[in-house]
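Side chains included, hydrogens not; waters and symmetry mates left out as well; all remaining heavy atoms used.
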Amino acid sequence: NRESRMIVAKDGISPKCVRWIDGPFFLNHHGWTLACSPDVLEKYLFYYLYFQQHNIYAMATGTAQKGINQANFHQFPVVVPSLEVQTRIVETLDPLFSRIERNAADVTELIDMACSIIRVMDYSGYGFSFLESVAICSNGRNLKPEERVPDGEYEVMNGGSTYSGRAAQYNREGQTISISKSGTAGFVAFHDKRYWAGDCMTLVPKDDSMSIKFLYYYLKYGETGIDK
């Protein structure tokens, strides 16, 4: 029922709530497509909203499944330059985003290769342990609106698969693992720098008997089962 359009997620959203899909697709009631006025290119609006995803996600309310109120979304501020400028922006960003998509496919392949190594390892002679016995698990805390700082020093990890927004303070050191609790629930990420943990839980080994990187790779291998 749609073809080559921008989608904005409205229910059960994650920090990655704006995307562009080429070709025909079916959109259900959990997302919006936008009909642009004659002075706005839809591809330009996509790029503008893509780089505003952290602010769009901040509009979402709810606990287990965040959603965006349509009336509030209609009031989201947008900068609209001339059509000439919009066209130049689209022509500049299109090839860059094509490269990003190609690189993302390479990253996925490399992660699959890493997981395959974990899969074929010989664990005979080693008993399984509960996660709580080898790691300290802590919940993050969502930032209050006044704590969100666009040019803050520290990135924010929420319920998605990438950082979303910035903050002036941090609540986690580097060398930690995060597991998203909503949006892309179950996504496992490793952090080598200080950051703010929001809608996610974080893990660090209880002692030196567990390697943080081994724990990360082991959980990454089991990522598809964590969200269940």
Query raised in the report: Does Tyr217 reach the side chain of Ile212, with side-chain heavy atoms less than 4.5 Å apart?
Result: no

**Report entry** Within-4.5 Å side-chain heavy-atom neighbours: Leu49 and Leu34
**Finding:** yes

[atom1] of [X] to [atom2] of [Y]: how many Å apart, nearest 0.5 Å?
{"X": "Leu41", "Y": "Cys36", "atom1": "CG", "atom2": "SG", "answer": "8.0 Å"}
{"X": "Asp199", "Y": "Asn139", "atom1": "CG", "atom2": "CG", "answer": "9.0 Å"}
{"X": "Met201", "Y": "Ser180", "atom1": "CE", "atom2": "OG", "answer": "9.5 Å"}

Considering residues at least two apart in sequence or located in another chain, which fulfil the side-chain contact (heavy atoms from CB on, under 4.5 Å) criterion with [X]?
{"X": "Asp208", "answer": "none"}
{"X": "Gln52", "answer": "Tyr48, Asn55, Phe76"}
{"X": "Glu101", "answer": "none"}

Which pairs with one or both residues in [range] pass salt bridge (charged side-chain N to carboxylate O under 4.0 Å, His left out), sequence neighbours excluded?
{"range": "residues 7-33", "value": "none"}
{"range": "residues 30-49", "value": "Arg5-Glu42, Lys43-Asp94"}
{"range": "residues 81-93", "value": "Glu84-Arg88"}
{"range": "residues 137-147", "value": "Arg141-Glu147"}

Query - Between Tyr50 and Trp20, ring centroids under 6.0 Å - result: no

List the atom pairs, donor and acceptor, that lie under 3.5 Å between side-chain atoms in residues 187-195 and the rest of the protein, sequence neighbours left out.
from: His191; atom 1: ND1; to: Tyr163; atom 2: OH; distance (Å): 2.8
from: His191; atom 1: NE2; to: Ser178; atom 2: OG; distance (Å): 2.7
from: Lys193; atom 1: NZ; to: Glu155; atom 2: OE1; distance (Å): 2.6
from: Arg194; atom 1: NE; to: Glu173; atom 2: OE1; distance (Å): 2.9
from: Tyr195; atom 1: OH; to: Thr176; atom 2: OG1; distance (Å): 2.8

Query raised in the report: Apart from Ile21 itself, what residues make up its hydrophobic cluster, given side-chain heavy atom links below 4.5 Å?
Result: Ile7, Phe25, Leu27

Query raised in the report: Residues two or more places apart in sequence or in another chain: which of them pass side-chain hydrogen bond (donor to acceptor under 3.5 Å, both in side chains) with Arg166?
Result: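 Arg166 satisfies side-chain hydrogen bond (donor to acceptor under 3.5 Å, both in side chains) with no residue once adjacent residues are dropped.
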
Report task. Using the test side-chain hydrogen bond (donor to acceptor under 3.5 Å, both in side chains), find all partners of Thr33 that sit at least two apart in sequence or belong to another chain. Result ->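 Partners of Thr33 by the side-chain hydrogen bond (donor to acceptor under 3.5 Å, both in side chains) criterion, ordered by chain and then number, come out as Arg2.
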
Query raised in the report: Taking only residues two or more places apart in sequence or in another chain, which ones pass ring-ring contact (aromatic ring centres under 6.0 Å, His included) with Tyr44?
Result: none

Are [X] and [Y] joined in one hydrophobic group, where the rule is that I, L, V, M, F, W and Y side chains link up if heavy atoms are under 4.5 Å apart?
{"X": "Val8", "Y": "Val79", "result": "yes"}
{"X": "Tyr154", "Y": "Val156", "result": "no"}
{"X": "Met157", "Y": "Ile56", "result": "no"}

Requested in this report: Check the side chains of Lys181 and Asn158 for a donor-acceptor pair under 3.5 angstrom, ignoring hydrogens and angles.
Outcome: no

Requested in this report: Check for a donor-acceptor pair, side chain of Glu153 on one end and backbone N or O of Ala168 on the other, with a separation under 3.5 Å.
Outcome: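 No; zero donor-acceptor contacts below 3.5 Å.
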
Query raised in the report: Crowded around Gln169 CD? As in, over 12 foreign heavy atoms under 6.0 Å?
Result: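 Check passes, neighbour count above 12.
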
